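As the structure is a computational prediction, the values presented were derived from the model and not from experiment.
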Amino acid sequence: MKLPPIRLQHGLVFAVIAALFFAWGAWLMRPQPPAQPLPWLAQWQADVLTPLADDRLSLVRLRDAVEGELWLQPNLDGARLLYRGELQDADGNWSVEAEVGLDKAERESLLAAAGLKPADKEQPLGNQLLQPLANHAIVAMTLLPPAPLDVARLAASIGQPRLTLELAEGQAWVYPELGVTAHLQDDELYFLYAVPRHLLKQR
């Protein structure tokens with residue numbers, strides 16, 4: 001006995017839907033290609049991040065790794081001296097901001113020489129102080145990608161973190177041996193913060 005044509009059509013529709021769901025499931029389960037490491041980060045780990053973690057990264061050594069200029073940022077403590085530059089990457093330039101270590105007298109002297117008050121806006125100093133301050137230590141550094149980055153690329157570059165912390169917004173991946181903290185939201189890297197490792201252990 002033959003089934004009515006309408007039932008054959010229903011059966012065909014169900015078969016097509018089942019095949020589509022099967023194909024979709026197979027697509028979701030397909031092997032994902034490995035994340036590509038950041039091509040410059042391995043060199044930076046050796047030339048910049050490890051010396052900073054060891055508290056031996058100088059301004060001149062950082063300048064050898066990335067070109068930039070000095071900025072004076074007034075505040076109630078006298079001033080912060082910042083070195084800013086851009087790190088070239090195939091996906092866009094990363095912003096680099098590093099703080100140069102100064103004592104109180106140097107902060108006050110720079111502020112007076114620039115004619116700035118604690119409430120004034122930050123000012124570029126150009127390159128005239130790079131040579132006199134060449135051997136001053138870098139005490140902290142922030143690296144910002146051109147756009148939020150798939151955190152798997154960071155893991156492919158420097159490995160999985162030793163510690164993961166939940167923050168009010170997002171997560172922090174902590175690499176104590178490098179003095180590096182990666183700040184994440186929704187599995188994307190928003191910035192890296194690096195300090196000498198002994199300071200990271202105090203926090």
A.B. asks: A side-chain contact here means heavy atoms from C-beta on lying under 4.5 Å apart; do T50 and Q45 qualify?
C.D. replies: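 Of all side-chain heavy-atom pairs linking Q45 with T50, at least one is under 4.5 Å.
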
A.B. asks: If I compare all heavy atoms of G68 with all of L130, which pair ends up nearest, and what's the gap?
C.D. replies: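 Closest pair (atom of G68, atom of L130, distance): O-CD1, 4.4 Å.
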
A.B. asks: Taking the side chain as C-beta and beyond, is there a heavy-atom pair between E188 and L149 under 4.5 Å?
C.D. replies: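 No. Closest side-chain heavy atoms not under 4.5 Å.
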
A.B. asks: Is P39 close to D89 at the side-chain level, that is, under 4.5 Å between some pair of heavy atoms?
C.D. replies: yes

A.B. asks: Verify the cluster assignment for L144 and V48: are they in a single hydrophobic cluster under the rule of side-chain heavy atoms below 4.5 Å apart?
C.D. replies: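 No, it is not one cluster - the side chains of L144 and V48 are not joined through contacts under 4.5 Å.
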
A.B. asks: Got V60 and H136 here, is their nearest side-chain heavy-atom distance under 4.5 Å?
C.D. replies: no

A.B. asks: Take atom CD of Q88 as the centre, draw a 6.0 Å sphere, and report whether it contains more than 12 heavy atoms from other residues, nucleotides or ligands.
C.D. replies: no

A.B. asks: Report yes or no: does Q128 contribute a side-chain atom to a donor-acceptor pair with the main-chain N or O of L125 at less than 3.5 Å?
C.D. replies: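 Yes, because the side chain of Q128 sits within donor-acceptor range (under 3.5 Å) of the backbone of L125.
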
A.B. asks: Should E69 and R84 count as an ion pair when the cut-off is N to O under 4.0 Å?
C.D. replies: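 Salt bridge between E69 and R84, a charged N being under 4.0 Å from a carboxylate O: no.
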
A.B. asks: For G179 versus A53, what's the shortest heavy-atom pair and its separation?
C.D. replies: N-CB, 4.2 Å

A.B. asks: Rounded to the nearest 0.5 Å, what separation is found between the CG atom of L192 and the CG atom of L154?
C.D. replies: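 L192 atom CG to L154 atom CG measures 6.0 Å (nearest 0.5 Å).
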
A.B. asks: State the CG-CG distance between L81 and L129, to the nearest 0.5 angstrom.
C.D. replies: 7.0 Å

A.B. asks: Any side-chain heavy-atom pair from V180 and Y193 closer than 4.5 angstrom?
C.D. replies: no

A.B. asks: Is there a path of hydrophobic side-chain contacts, each under 4.5 Å between heavy atoms of I, L, V, M, F, W or Y residues, that connects F191 with L165?
C.D. replies: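 Yes.
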
A.B. asks: Take V100 and V139 through the test side chain to side chain contact (heavy atoms under 4.5 Å, CB included) and record every step on the way to the result.
C.D. replies: CA-CA 6 Å; V100 181; V139 297; over 6 Å; no

A.B. asks: Any chain of hydrophobic side-chain contacts (each under 4.5 Å) joining W40 to L178?
C.D. replies: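 Yes; tracing contacts between hydrophobic side chains, which count when under 4.5 Å, links both residues.
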
A.B. asks: Is any side-chain heavy atom of E177 closer than 4.5 Å to one of Y175?
C.D. replies: yes

A.B. asks: Any salt bridge linking R197 with D54? Criterion: basic side-chain nitrogen under 4.0 Å from a carboxylate oxygen.
C.D. replies: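 Yes, R197 and D54 are salt-bridged.
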
A.B. asks: Counting distance only, does the side-chain N/O of D150 pair as donor-acceptor with the main-chain N or O of R153 below 3.5 Å?
C.D. replies: no

A.B. asks: Would you say D187 has more than 12 foreign heavy atoms packed within less than 6.0 Å of its CG?
C.D. replies: no

A.B. asks: Answer yes if Y190 and L38 sit in the same cluster of Ile, Leu, Val, Met, Phe, Trp and Tyr residues linked by side chain heavy atoms under 4.5 Å apart, and no otherwise.
C.D. replies: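 No; tracing contacts between hydrophobic side chains, which count when under 4.5 Å, never links both residues.
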
A.B. asks: Is any side-chain heavy atom of M141 less than 4.5 Å from a side-chain heavy atom of L57?
C.D. replies: yes

A.B. asks: With a 4.5 Å heavy-atom cut-off, do V96 and W44 have their side chains touching?
C.D. replies: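 Side chain of V96 against side chain of W44, heavy atoms only: contact under 4.5 Å found.
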
A.B. asks: Side chains of H183 and Q171: donor-acceptor distance under 3.5 Å anywhere?
C.D. replies: no

A.B. asks: Counting distance only, does the side-chain N/O of Y83 pair as donor-acceptor with the main-chain N or O of L59 below 3.5 Å?
C.D. replies: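 The answer is no, because no donor-acceptor pair under 3.5 Å joins these two groups.
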
A.B. asks: Heavy-atom count around E122 CD within 6.0 Å, excluding the residue itself: above 12?
C.D. replies: yes

A.B. asks: Output the distance between atom CG (L116) and atom CG (L110), rounded to the nearest 0.5 Å.
C.D. replies: 10.0 Å

A.B. asks: Is the count of non-hydrogen atoms from other residues, nucleotides or ligands lying under 6.0 Å from D103 atom CG greater than 12?
C.D. replies: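 Atom CG in D103 is crowded, with more than 12 foreign heavy atoms closer than 6.0 Å.
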
